[in-house]
Amino acid sequence: MRTPARRTAAALAALLLCLAAAPATHAASPHRHRAATLDDLARQHGRYFGSAVDNPELADTAYSDLLGSEFGQTTPGNGMKWDATEPRRGVFDFTAGDEIVNYAHAKGLKVRGHTLLWHSQLPNWLTSGTWTADELRAILKSHITQVVKHNRGKVFAWDVANEIMNEDGTYRQSIFYKTLGPGYVADALRWARAADPNVKLYLNDYNVEGLGAKSDAYYALIKQLKAEGVPVDGFGMQAHLALQHGFPNDVRGNIRRFADLGVDVAVTELDIRMILPADETELAQQADWYGKMTSACLAVRRCVGITLWGYSDGHSWIPSTFPGEGAALPWDENLGHKPAYDAIRNALTAARS
Ligand code: XIL
């Protein structure tokens, strides 16, 4: 039998072992029995840290388990897009989106809805048809209304309109713009609001993280929408960055100017790709950029959170979309941490809340 003294010694040894095994952040939170996750750290600043997930990836249990424990938010990578949700006119299929919402809520993750209106991944029946303005307006209204109603209370935000601007700040010549003119954006926001009075309504795009013609166009549009009383609550910066394209210009200042318009800002699809093979220098530069994006968000109160577009190089849209490029995420194919993971962690730890 153990004497009390021995028991104390054993307990002390166990404690020392535990402390030795734990990362430094552990010492600051003695009540925790696991290291703080990225989402735990983000929460200390009132932000979330999330990752997108595509339906087939849920079957990779190592991946989906880590998604559920490390992150506080997710976005369906494809499951809520128009081709998935309304594959035939007026026939709605919520299976893929529901699967992700159910998974997320079981794990305690909140969900961003993505996306109601986009020029890409539209069903054939829509792109191959010829529509009058009245017909297309009715189609768009019905789509937005049904999808938003179905997800009411399940998602906290919607990317209502995705990628509606060109690089030079003019409107993209999508089927919606060509048929309906620029007023379709305000209509879409109003229909979404009518279907869910509580969800945050976002405009979302890439190459808008820094100051420039494209972000200027969104700045002007959101200012105008606000002045007209159109419901717009947030601006999503996808942040699909690439080392070879350089770091965007004044991300912090850009986030701040949108916040000053009275909208939330979110980093919605962060990944930082490079030309393969990746070397140590590139991975260090990538880490630096991940840290800078994280700090820029934390610097502005209304930047509400950061979402990675998948979190490991094993599940990333980059290699198939940009052949020869990849290594874009903070975890490698084996779910090991890359330098980028530590950089995010450091940025989350260093910032004052
Ligand atoms: C991507 C998905 O990750 C891919 O699986 C799909 O093949 C194409 O779309 N901007 C967006 C996202 O808003 O919806 C895109 O997602 C990536 C670029």
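As the structure is a computational prediction, the values presented were derived from the model and not from experiment. Counting starts at 1 for both ligands and their atoms, following the listed order. Along the sequence shown, the residues carry numbers beginning at 1.
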Among protein heavy atoms, which sits nearest to atom 15 (C) of ligand 1, and what does the distance come to when rounded to 0.1 Å? K81 NZ, 3.8 Å
Which heavy atom of the protein is the closest neighbour of atom 11 (C) of ligand 1, given with residue, atom name and distance? E269 OE1, 3.0 Å
Can the positive tip of R172 be found less than 6.0 Å from the middle of the six-membered ring of Y177, inside 45° of the ring normal? no
May I ask you to check whether W317 has an N/O atom sitting below 3.5 Å from an N/O atom of ligand 1? no
Could you establish whether Y206 and ligand 1 come within less than 4.0 Å of each other, counting only heavy atoms on the residue side? no
Pair H119-N162, side-chain donor/acceptor within less than 3.5 Å: no
Would you check the N or O atoms of Q121, main chain and side chain alike, for any that come under 3.5 Å of an N or O of ligand 1? yes
Test of understanding: given a 4.0 Å heavy-atom threshold, classify the contact between T321 and ligand 1 as side chain, backbone, both, or neither. neither
When you measure from atom 2 (C) of ligand 1 to every protein heavy atom, which one gives the shortest distance, and what is it? N78 OD1, 3.7 Å
D54 N/O to ligand 1 N/O under 3.5 Å: no
Provide, to 0.1 Å, the distance between atom 3 (O) of ligand 1 and the closest protein heavy atom, together with that atom's residue and name. W309 NE1, 2.9 Å
Decide salt bridge (Lys or Arg N to Asp or Glu O under 4.0 Å) for R47 and D39; before the verdict, give the C-alpha distance in whole Å, the side-chain angles of both, and the deciding distance to 0.1 Å. CA-CA 8 Å; R47 314 304 211 279; D39 189 64; over 6 Å; no
Assess the side chains of D168 and T170: does a donor N or O sit below 3.5 Å from an acceptor N or O? yes
Side chain proximity check, T37 to F49, heavy atoms < 4.5 angstrom: no
Axial cation check for Y206 ring with K214, 6.0 Å and 45° limits: yes
Out of all atoms in ligand 1, which are within 4.0 Å of some heavy atom of N162? Include the element for each. 11 (C), 13 (O)
Check: F235 ring centroid to Y202 ring centroid under 6.0 Å: no
If you measure every N or O of N204 against every N or O of ligand 1, does any of those distances drop under 3.5 Å? no
We want to know whether E163 and N204 form a side-chain donor-acceptor pair, criterion being a heavy-atom distance below 3.5 angstrom. no
